[in-house]
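Taking it in order: structure first as structure tokens, then the write-up.
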Amino acid sequence: MIVSFAINLASAYAKAPLDRALGRLSKRKRDKSAREQREISTMLEAAKRQKDGVVLLSIQELRLVVIGITLAVLCILLLLLLELEASSLNLTLPLVILVPLLLFLAFFCLRRAAKISDALKLYETGKAEHEA
């Protein structure tokens, strides 16, 4: 009985701060989603205004994917080099610093390519609806 009373008391006091925290988190996610949607729309509008904008956007997406995959493979090769490295070379510290940096760049390139892909999908959807 005392435990249930303590739980009820704690939940009564924790409910308001927890609701506020979850509300702020939800608002930030909604704002971020709206901001990303606006970014995709402006990217698509800029591509539509150019003569070959959609083709250039597709090429940019492909280039970013190739760069991202190349950086990820390079990170794997550097990690293998780090594992197989002879102690006389002493390249451990530069490799330990370089690998996370390259992984971050790979993640950035692939994320940007995904945004461009979303814009191109939105363009294709709008084009199909316009033709129908």
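Because only heavy atoms are used, hydrogens play no part in the values below, and waters and symmetry mates are left out as well, while side chains stay in.
Every side chain to side chain contact (heavy atoms under 4.5 Å, CB included) that Leu103 has, sequence neighbours left out, goes to Cys75, Val99. Here Leu56 pairs with Gln50 under the side chain to side chain contact (heavy atoms under 4.5 Å, CB included) rule; sequence neighbours left out. For Ile59, the side chain to side chain contact (heavy atoms under 4.5 Å, CB included) partners at least two apart in sequence or on another chain are Val55. Shown here are the side chain to side chain contact (heavy atoms under 4.5 Å, CB included) partners of Ile67, two or more places apart in sequence or in another chain: Arg63, Leu71, Cys109.
In this structure, CE on Met43 lies 8.5 Å from CG on Leu120, to the nearest 0.5 angstrom. Rounded to the nearest 0.5 angstrom, Leu74 CG and Ile69 CD1 are separated by 13.5 Å. Considering CG of Leu62 and CG of Leu57, their distance stands at 12.0 Å, rounded to 0.5 Å. Note that OG of Ser58 is 9.5 Å distant from OH of Tyr123, once rounded to the nearest 0.5 Å.
Across every non-hydrogen atom of Glu61 and Ala113, the tightest pair is CG-O, 3.7 Å. Heavy atoms only, all atoms of each residue included: Ala106 and Ala72 are closest at CB-N, 4.0 Å. Across Leu110 and Leu64, no two heavy atoms sit closer than the pair CD2-O, 4.5 Å.
Pairs of residues two or more places apart, or lying in two chains, that qualify as salt bridge (Lys or Arg N to Asp or Glu O under 4.0 Å) and include a residue from residues 93-116 are Glu36-Arg111, Glu39-Arg112, Glu39-Lys115.
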If you look only at distance, which donor and acceptor atoms sit under 3.5 Å apart when one is on a side chain in residues 19-27 and the other is two or more places apart or in another chain?
{"unit_1": "Asp19", "atom_1": "OD2", "unit_2": "Lys15", "atom_2": "NZ", "d": "2.7"}
{"unit_1": "Ser26", "atom_1": "OG", "unit_2": "Arg30", "atom_2": "NH1", "d": "2.9"}
{"unit_1": "Lys27", "atom_1": "NZ", "unit_2": "Asp31", "atom_2": "OD2", "d": "3.0"}

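Phe108 and Leu78 are assigned to two separate hydrophobic clusters, defined by single-linkage of ILVMFWY side chains at heavy-atom distances under 4.5 Å.
Although no hydrogens or angles enter the test, the distance criterion places a donor-acceptor pair under 3.5 Å between the side chain of Thr70 and the main chain of Val66.
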